[in-house]
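Below is one structure; the comments refer to it alone.
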4 protein chains.
Amino acid sequence: MTDKNTDKRTALLSATLDLVSNHGFHNAPMAKIAKLADVSAGTIYNYFSNKQDLVDSLYLHIKNEFTNAAFQGYDEEKPVKEGIKLIWFNMIEYKMANPKQANFLSQCEDSQIVSASVREQALEHLQPLLNLWERGQGKGVIRDVSPYLLYAYMVYPLSFFVAVKKRDEFHLTSEMQQHSFEMAWSAITIK
Amino acid sequence: MTDKNTDKRTALLSATLDLVSNHGFHNAPMAKIAKLADVSAGTIYNYFSNKQDLVDSLYLHIKNEFTNAAFQGYDEEKPVKEGIKLIWFNMIEYKMANPKQANFLSQCEDSQIVSASVREQALEHLQPLLNLWERGQGKGVIRDVSPYLLYAYMVYPLSFFVAVKKRDEFHLTSEMQQHSFEMAWSAITIK
Amino acid sequence: MTDKNTDKRTALLSATLDLVSNHGFHNAPMAKIAKLADVSAGTIYNYFSNKQDLVDSLYLHIKNEFTNAAFQGYDEEKPVKEGIKLIWFNMIEYKMANPKQANFLSQCEDSQIVSASVREQALEHLQPLLNLWERGQGKGVIRDVSPYLLYAYMVYPLSFFVAVKKRDEFHLTSEMQQHSFEMAWSAITIK
Amino acid sequence: MTDKNTDKRTALLSATLDLVSNHGFHNAPMAKIAKLADVSAGTIYNYFSNKQDLVDSLYLHIKNEFTNAAFQGYDEEKPVKEGIKLIWFNMIEYKMANPKQANFLSQCEDSQIVSASVREQALEHLQPLLNLWERGQGKGVIRDVSPYLLYAYMVYPLSFFVAVKKRDEFHLTSEMQQHSFEMAWSAITIK
DNA sequence: CATGAATGAGAATTCATTCAT
DNA sequence: CATGAATGAATTCTCATTCAT
């Protein structure tokens, strides 16, 4: 029974992800979500209190998944560069392997579709990276600038790759990933 | 008479910009746009054929404004670094001075609210920067990578500053702008 | 449950019929239809995909009802004159007993309010009459002319009676019906 | 100057006719009419007090044109059959030569697009035919039935030919016209 | 008279949400 | 819990008509 519940919840989140990332937040009406999840429209409200809650929940879910992936295999003992490299490649790998999720996250960053409060919550997940940067700054490796700047040059560009990839303009080969990491690393480190 | 026409058109574009950048594409119904522009709802359709056309027009208008600002004072004789620096600071200056416009552009990049065809049109405006990169690559200054990568590390991060600034989390001081440019420059150049 | 569904659908068709036949196709907005059917405006779209579909469905429904009435008691063994007489009186009886339906059909014949494809569909129902005419022609009773001509003089005039009756200018008594049939019969037969 | 006035009025009537007969009464907005007449939207209201007046005027104009054509060459001295034949062929000729007008009239007969009062006015034009029928009845040639019946079998069927012709289903050849007249004549006369 | 931008009521349609079954 | 018909407010867009120029 619990499984079934979980199944429906998951199916709804998944359907929402599909629709929003493929057709935009508008063009993702509850009726379509329900149909795609193979569930009745009314059932949604047994799992989510309203559409905002559904979207917020999806955002949190994916953000969590993403951060878990990002820190996969990472521990705080690792040398700074190795840690950064691991995290960076984890991130790009997740985004390439999960384009819908990546696209959804991008859409959420710049728009108002996710509640402000929820977006703030999600920031906390990033703490290990903040710590790592701080450690790197202590060691004189990472530039002594606001984490916002570090984020802007290490993490944020990844969204761009997803956006253009989605429009089939561009595909990031693994060689390009290497270059891209070098560029990120050059940006955030002291030469 | 021409003035009046231009006025209303401009007022409508401006109202759309206000609403979309402050409250998102949804929550920007035509009725609100009309009211904010101090115009009757039906009047919108004297200037734009439908909502998509209104949004597309706004996008093109702003993109054009942005690119004009970006290339202000630039000529192709300039040394590579000087040119890049000029363009980069032009861009950040425009975005800081015009947060609504900047925010609107960000929203458009990752979502489906602007027509694909219009977004493609807008790309052409970037040509001078592409040429400059190529020149820099020819001189062995700029990394020999896809312009997508160069864009991702030189231009794209600017959007992030706007996004967080909007949420009052962060303000990019002029010192930070200096650092930020150095980071961008490090990313795209051969050390 | 099925009853309720059918009820609402029927109520909507009936309301549409009322409004269109009494006030014309324009002056039959969806809101009025809904109100007359004692149903919410949005409910219409649970039963019909749009206004065109609603009108088309109504047309098919009535045309079907009309043709059923027309061929009531008819079988292909009947002598030609008897068959024609039966059908003709069935038709006039239906139209007199159902002036709204008759009027609606008239409105549809000459205007663009019903989809071309649907109007074509409806033609098939007339097949038995075409067969009967052919049989009559084979026997040298019915004029050897295009069925369009036969239709024009046997069936089409009935619409006129409905049109004028509706404006209270004229009522077709049963004696007149007799005369009218004789006129139709004279028109389509070889003297 | 008077010519110009007349020109614009005529152009507007003509544009209305075009649009209504080709695309139906709905799909004939004032703006389109104005554009097709090469006139400003506001100008319409210098010639007609509103849309209803425009349509009514068009109806009267065409009905008048039609009746003039119908009685072309007719005088009350003519023998009954000759008179009827002349009028009948005048009518069919007009309708075949002026399909838009014919179609417009058909649309008006069965719908509510023309004011009731105006439709009544138009009936008066038919007086000479009523007189002719009466004369024929006096002579024992024409059936002694209501003029409504005579109209239904002599005049009304012509509308049908126009309706089907418009849909390209059928074309009335001159041989068919002969047959059709014979059918009409058989219908309305005493054998 | 002519223009055509402006109006705003009203049209068709959508959609998040509710609730009886 | 699940259903899905029903709701009605909200949305986009149309259109007859007006009026300042």
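Here is how names work: the chains are called A, B, and so on, in the same order as the sequence lines, proteins then strands, and each is numbered from 1. FYI, side chains are in, hydrogens and waters are out, and symmetry mates aren't considered; it's all heavy atoms of this structure. Keep in mind the model is a prediction, meaning the values are calculated, not measured.
- Residues C:Ser49 and B:Asp38 each lie close to DNA chain E; by heavy-atom proximity, the contact nearer the 5' end of the strand is made by B:Asp38.
- Distances were taken from every side-chain heavy atom of A:Lys51 (C-beta onward) to each of E:dT17, F:dA16, E:dC15; the shortest belongs to E:dT17.
- The CG atom of A:Asp7 sits 14 Å away from the C1' atom of F:dC1 (whole-angstrom rounding).
- If you take CG of D:Asn50 and P of E:dA9, they are 19 Å apart, rounded to a whole angstrom.
- For A:Tyr45, the listed nucleotide lying nearest its side chain is E:dT18; candidates were F:dT18, E:dT18, F:dC13.
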Step-by-step salt bridge (charged side-chain N to carboxylate O under 4.0 Å, His left out) determination, C:Glu109 to C:Lys63: CA-CA 11 Å; C:Glu109 302 311 342; C:Lys63 197 79 179 189; 3.2 Å; yes

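- Contact check for B:Phe48 versus B:Leu58: no side-chain heavy atoms found under the 4.5 Å cut-off.
- Of all nucleotides listed (F:dA2, F:dC13, E:dA16), F:dA2 comes nearest to the side chain of A:Lys8.
- Side-chain contact between C:Leu105 and C:Tyr59 is present, with heavy atoms from C-beta onward closer than 4.5 Å.
- Protein atom CD1 of B:Ile44 is 16 Å distant from nucleotide atom P of E:dA5, rounded to whole Å.
- Atom P of nucleotide E:dA16 and atom CG of B:Asn27 are separated by 13 Å, given to the nearest angstrom.
- The structure places CG of A:Asn22 at 7.0 Å from NZ of A:Lys100, a figure rounded to the nearest 0.5 Å.
- Checking B:Val39 against A:Gln52, the closest nucleotide of DNA chain E that is more toward the 5' end is the one next to B:Val39.
- Rounding to whole angstrom units, CZ of residue B:Phe25 and C1' of F:dT12 are separated by 11 Å.
- F:dT3 atom P lies 17 Å from atom CG of C:Asn46, rounded to whole Å.
- Taking the side chain of A:Tyr47 as heavy atoms from C-beta on, and the options E:dT7, E:dT17, F:dC1, the nearest nucleotide is F:dC1.
- Here E:dT7 is the nucleotide among E:dT7, E:dC1, F:dT12 with the atom lying nearest to any side-chain atom of B:Thr43.
- Under a cut-off of 6.0 angstrom, the local environment of NE2 in C:His26 is crowded, with over 12 non-hydrogen atoms contributed by other residues, nucleotides or ligands.
- Considering only the side chain of B:Ser40, E:dG8 comes nearest among E:dT13, E:dG8, E:dT3.
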Dot-bracket pairing map - DNA chain E, Watson-Crick plus G-U, both contacts under 3.5 Å, | cross-strand: .||||||||||||||||||||

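- Following rounding to the nearest Å, B:Phe48 (CZ) and E:dA6 (C1') show an atom-to-atom distance of 15 Å.
- Counting non-hydrogen atoms of neighbouring residues, nucleotides and ligands closer than 6.0 angstrom, the CG atom of B:Asp38 reaches no more than 12 such neighbours.
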Pair C:Val114-C:Phe25, side chain to side chain contact (heavy atoms under 4.5 Å, CB included): steps then yes or no: CA-CA 10 Å; C:Val114 169; C:Phe25 179 73; over 6 Å; no

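- Atom CG in A:Leu19 sits about 11 Å away from atom P in E:dA16, given to the nearest Å.
- Residue A:Ala41 places its side chain closer to F:dG4 than to any other of E:dT13, F:dG4, E:dC15.
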